[in-house]
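Keep in mind the model is a prediction, meaning the values are calculated, not measured.
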Amino acid sequence: MISTDIAHIPAPEFAQRLLEWAAEQGRHDLPWQIDATPYSVLVSEIMLQQTQVATVIPYYQRWLKSFPTVEILANAHEDQVMAHWQGLGYYSRARNLHKAAKYVLDSCNGQFPNDLKGLEAIPGVGRYTAGAVMSFAYDNFGPIVDGNVRRLFCRLFGIDGLPTSTAVTKTLWALAEHYTPQTRNRNFAQGLLDMGATLCTPKSPKCERCCFADDCIAKTQDRVTELPTPKPKKVIPTKNVEFIWHVKHHKIFLQKRPDSGIWGGLWCLPESDENQVEEKAKSVGKFKHTFSHYKLDATVVHRPVSDETGQWFSQQELRDIGLPKPIQSFIDKHFE
DNA sequence: AATTCGGGGAC
DNA sequence: GTCCCAGAATT
């Protein structure tokens with residue numbers, strides 16, 4: 001149980017007010033809200049992890065067109081799966097979603113689990129996604145805590161401390177379980193997300209349209225700009241990397257990157273082993289790229305490569321595999 | 001408890 | 001440029 005000291009709004013009243021707000025001001029035309037099935041909800045939720053709605057929409061549409069059912073996804077080739085994820089980032093999500101389809105087919109007799117525990121056993125599905133599938137696919141009890149809920153709750157209940165810290169996270173989940181009703185869960189969960197995404201935004205929240213403004217600790221104590229507690233920023237390092245340019249007979253030589261690490265599972269120009277580099281090679285070109293946790297300073301050079309370690313691709317074939325965008329863009333400039 | 005996974009929207 | 005996004009898995 002959570003103390004009424006923090007949860008200062010009665011649960012039934014909270015749900016009622018949120019549902020009413022959602023009916024009037026919520027989002028009702030997102031692609032994954034149409035004919036939601038456990039599979040389509042899972043696809044959308046995995047894509048939406050740390051990724052904004054506007055970015056996901058075209059990927060979601062293409063995905064369901066190519067992989068309309070969990071069976072078709074399970075039987076698809078990995079390269080085709082990765083190609084559909086090209087440019088979306090966090091590529092382990094794609095590999096896990098592929099694994100998830102195989103898991104549902106092989107270990108669940110093709111039937112999606114319909115409880116939180118069963119859903120969390122699916123590769124790539126954590127506590128948030130399990131709750132989201134329960135709510136959106138089954139319209140059943142499924143508490144959710146994502147970035148939207150963190151921000152909304154930290155303000156509404158006046159919670160200090162880093163919103164992703166262990167202590168605050170524990171409080172947020174307790175609040176989510178406390179306030180999540182037993183009915184109308186689809187509308188309830190959607191309302192929470194809509195409120196965080198469209199009203200209780202990081203900057204200049206639209207408190208005048210909020211159904212909880214009178215009860216919001218941050219608002220009533222004029223601490224909206226202080227909550228949630230901002231993350232301390234840190235400087236990101238720069239990595240210098242060499243990629244290898246190997247072109248023969250209008251074909252380019254690529255290697256599949258290991259599952260772990262950046263661009264995992266994508267085809268890419270071979271990366272030269274720094275320890276093996278003895279002499280300066282002729283540079284083909286350079287490019288820079290910024291990730292969230294480091295900067296990449298890349299040089300592309302001519303170097304010998306063992307043919308066993310990869311495959312040759314024509315310009316045409318490059319379109320059917322997943323290449324990192326900076327690599328794709330470099331190749332487009334220099335190939336042919 | 002910290003780190004590692006991308007890329008882009010919004011400002 | 002900065003901040004952060006319908007987080008999960010790994011160390």
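Partners of Glu226(A) according to the salt bridge (charged side-chain N to carboxylate O under 4.0 Å, His left out) rule, which considers only residues two or more places apart in sequence or in another chain, are Arg223(A).
Here His289(A) reaches the OP1 or OP2 of dG7(B): one of its side-chain N or O atoms lies under 4.0 Å away. Between Trp263(A) and the phosphate of dG7(B), there is a side-chain N or O to OP1/OP2 separation shorter than 4.0 Å.
Distance check on atom P: dT11(C) versus dG6(B) gives 15 Å, rounded to whole Å. Comparing dA6(C) with dT3(B), their C1' atoms are spaced 22 Å from each other, to the whole Å. Taking the P atom of each, dG9(B) and dA8(C) are spaced 23 Å apart, rounded to whole Å.
In this structure, Leu105(A) stands alone, with no Ile, Leu, Val, Met, Phe, Trp or Tyr side-chain heavy atom under 4.5 Å from its own, directly or through other members.
Within the model, atoms OG of Ser135(A) and CZ of Arg184(A) stand 13.0 Å from one another, a figure rounded to the nearest 0.5 Å. Interatomic distance, Ile252(A) CD1 to Gln311(A) CD, rounded to the nearest 0.5 Å: 13.5 Å.
Below 30°, between 30° and 60°, or above 60°: for His334(A) and Phe330(A) the angle between ring planes is below 30°, a parallel geometry.
Residue Tyr59(A) contributes atom OH, which lies 13 Å from atom C1' of dG9(B) at whole-angstrom precision. Whole-Å rounding puts the Leu296(A) CG to dC5(B) P distance at 12 Å. Here the P atom of nucleotide dG6(B) and the CZ atom of Phe291(A) are 7 Å apart, to the nearest Å. Atom CG in Leu88(A) sits about 17 Å away from atom P in dC5(B), given to the nearest Å.
When each of Trp21(A), Phe153(A), Phe14(A), Phe157(A) is paired with Phe212(A), the ring-ring contact (aromatic ring centres under 6.0 Å, His included) condition holds for Phe14(A) and for no other.
Toward the 5′ end of DNA chain B lies the nearest nucleotide of Lys234(A), the other residue of the pair Lys325(A) and Lys234(A) mapping further downstream. Closest-nucleotide positions on DNA chain B for Ala54(A) and Lys239(A) were compared, and the one nearer the 5' end corresponds to Lys239(A).
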Indicate for each nucleotide in nucleotides 2-11 of chain C, in 5' to 3' sequence, whether protein heavy atoms under 4.0 Å reach the base (B), only the sugar-phosphate (S), or nothing (-).
-S-BBBSS--

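By the 6.0 Å and 45° rule, Arg127(A) stacks over the aromatic ring of Trp173(A).
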